[in-house]
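The residues of the chain are indexed from 1 along the displayed sequence.
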Amino acid sequence: MTDQTISAPLAARAGSPVNSPARVLLASLIGTTIEFFDFYVYATAAVLVFPTLFFPASDATTALLASFATFSIAFFARPFGAIVFGHFGDRVGRKATLVAALLTMGISTVAIGLLPTHAQIGVAAPALLALCRFGQGFGLGGEWGGAVLLATENAPEGKRSWYGMFPQLGAPVGLFLSSGFFWVLLHFMSQDDLLAWGWRLPFLASIVLIVMGLWVRLSITETPEFAEAVKRDQRVSVPVVELFRNHKRSLFLGTFVALVTFVLFYICSAWLLSYNVKVRQIAFTDALLMQIYGSVVFGIAIPVAGRIADAVGRRPFLIVVTVLIGGFSFFLAPLTGGGEGGLYLFVTMGMFLMGLTYGVIGAALAAPFPTRVRYTGSSITFNFAGIFGASLAPYAATWLQQNHGLAHVGYYMAAAAVITLFCILASGRNEV
């Protein structure tokens, strides 16, 4: 399915109501905002409070690595969510599946806010934390692909990258809200109160966002392309089977086309946050302020990416951005090893490049798959990329920095850029 797909005529032929552009884009944006808020609240807590509350028997470094290990669990859960929710998204519909994914993620997040700590129940506490983190990943695995399809399958001709960037905006907005929430908490309560009960508030606050998201999601109708597929009886019994039988190339290439996107983001967010606090000894409020600033830069770059990619094509655009990320990786050590100005320059450059690649990756990963398996296909490629690119990135970057120095963190990012560039070049012009 290429950008020349025209949604409006499909809607007319299917006889289904046409969602207004504003409603479609709001529904896709608000869902991913909630999902990523939940996801990043965990990432922040994994640095700030979880090492103390759930892994107290370890030294500081080991506790942080253990906390990052639970952080990575979600990425291994995401492909399972992609398969399960993708099945129903391609069989039952995008709308109902998106509602179920949102509830799964939301319930898991709220449950984290209610968990007893290690001091209260011992080793069962980190086990329950890991279980809830699995639930977060499972829900997000089904959310992202559906949100992208909700936007792109309602897009008019020639605007698929522009529409596809709206759900991507949920990532910087969620990062801004989660970092801002913790920044406010640190300004209005003591460290002791934060560890005693304050850390629970961002997780519990997710209830409000979930209610808002459900209200918006339930107000939309099915996408025109899926309605047309139903009318023509084009659905398949088990989408994942057809996917692995007939679309293995697209799955493989899509996974590694998105690789550097994940590596870049989690080095510029989760790893940098822990590095600033644990190694540079920067006050946590100042480190969070840097992350909030980064989320703004990230959000500004995403619409820029959508406009340019529609004008010049996603494939050449992604090639240029990937080369720029590879070059940027060699500046990691001098910038993060310097003063505050260097750190802010690193965040500015890294998060702007992140916005450029992330802004179009949703439409790129959905492009090679036909409607009948597109939910499953785009979700699995995105979440496989999360396993290879993001699940271990904070852990690996922390280990590399401690054992080999900052330059090797940059080499790690450069290697990811080389792999991504190779896979983009190996893809046909309609495969990204």
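Side-chain atoms of Arg307 and Met165, non-hydrogen and from C-beta on, never get closer than 4.5 Å to each other. A 4.5 Å side-chain heavy-atom check between Thr398 and Trp271 finds at least one atom pair inside the cut-off. Put simply, the side chain of Met105 does not reach to within 4.5 Å of the side chain of Ile34, judged on heavy atoms.
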### Query
Between Thr381 and Thr255, is a side chain to side chain donor-acceptor pair (under 3.5 Å) present by the stated rule, with each step listed?
CA-CA 5 Å; Thr381 51; Thr255 294; 5.8 Å; no
#### Entry: Verdict with supporting geometry, Phe176 and Phe37, ring-ring contact (aromatic ring centres under 6.0 Å, His included)
CA-CA 8 Å; Phe176 179 88; Phe37 169 82; over 10 Å; no
### Query
Would Thr33 and Leu169 count as a side-chain contact (heavy atoms from CB on, under 4.5 Å) if you check the C-alpha gap in whole Å, the side-chain angles of each, and the deciding distance to 0.1 Å?
CA-CA 7 Å; Thr33 295; Leu169 279 173; over 6 Å; no
### Task
Test side-chain contact (heavy atoms from CB on, under 4.5 Å) on Leu214 and Ile210 and set out the steps.
CA-CA 6 Å; Leu214 288 175; Ile210 293 166; 4.0 Å; yes
### Task
Could you check Leu243 against Ile380 for side-chain contact (heavy atoms from CB on, under 4.5 Å), going step by step and ending with a plain yes or no?
CA-CA 10 Å; Leu243 196 66; Ile380 288 179; 3.7 Å; yes
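Residues passing the side chain to side chain donor-acceptor pair (under 3.5 Å) test with Tyr42 are Thr70, sequence neighbours excluded. Listed by chain and residue number, Thr348 satisfy the side chain to side chain donor-acceptor pair (under 3.5 Å) test with Tyr293 (two or more places apart in sequence, or in another chain). Here Gln291 pairs with Ser179 under the side chain to side chain donor-acceptor pair (under 3.5 Å) rule; sequence neighbours left out. Not counting sequence neighbours, Thr44 has no partner by the side chain to side chain donor-acceptor pair (under 3.5 Å) test. Every residue meeting the ring-ring contact (aromatic ring centres under 6.0 Å, His included) condition with Tyr411, not counting sequence neighbours, appears here in chain and number order: His408.
When all heavy atoms are compared, the tightest approach of Ala287 to Asn276 is CB-CB, 4.1 Å.
The side-chain hydrogen bond (donor to acceptor under 3.5 Å, both in side chains) contacts involving residues 96-109 comprise Asp38-Thr109, Thr109-Gln136, where partners must be two or more places apart or lie in separate chains.
Side chain of Asp310 to backbone of Trp162: a donor-acceptor contact under 3.5 angstrom is found. A donor-acceptor pair is defined here as one N or O able to donate and one able to accept, closer than 3.5 Å; such a pair exists between the side chain of Asn383 and the backbone of Gly141. In this structure, the side chain of Ser206 does not engage the main chain of Val110 through any donor-acceptor pair within 3.5 Å. Although no hydrogens or angles enter the test, the distance criterion places a donor-acceptor pair under 3.5 Å between the side chain of Arg315 and the main chain of Leu425. In this structure, Thr32 contributes its side chain and Leu29 its backbone to a donor-acceptor pair below 3.5 Å. Checking side-chain atoms of Lys248 against main-chain N and O of Phe244 turns up a donor-acceptor pair under 3.5 Å. The backbone N or O of Gly86 lies less than 3.5 Å from a partner atom in the side chain of Thr376, making a donor-acceptor pair. Without hydrogens or angle criteria, Gln168 side chain to Tyr358 main chain gives a donor-acceptor distance under 3.5 Å.
In this pair, Phe50 and Trp199 present their aromatic rings perpendicular. The plane angle is above 60°, beyond the 30 to 60° band. Aromatic ring pairs are classed by plane angle as parallel below 30°, tilted from 30° to 60° and perpendicular above 60°; the pair Phe369 and His247 is perpendicular.
Here the options are Ile267, Thr336, Val409, the test is side-chain contact (heavy atoms from CB on, under 4.5 Å), and the partner is Tyr275; only Thr336 passes. Paired with Phe262 under the rule ring pair (Phe, Tyr, Trp, His ring centres under 6.0 Å), one option of Phe382, Phe384, Phe388, Phe256 passes, and it is Phe382.
Annotation: Phe284 is not in aromatic contact with Phe182 [ring centroid separation under 6.0 Å not met]. Taking the six-membered ring for Trp, Phe265 and Tyr40 have ring centres closer than 6.0 Å.
Annotation for Phe331: atom CZ does not count as buried by contact number, only 12 or fewer foreign heavy atoms lying within 6.0 Å. Phe134 CZ: more than 12 foreign heavy atoms inside a 6.0 Å radius.
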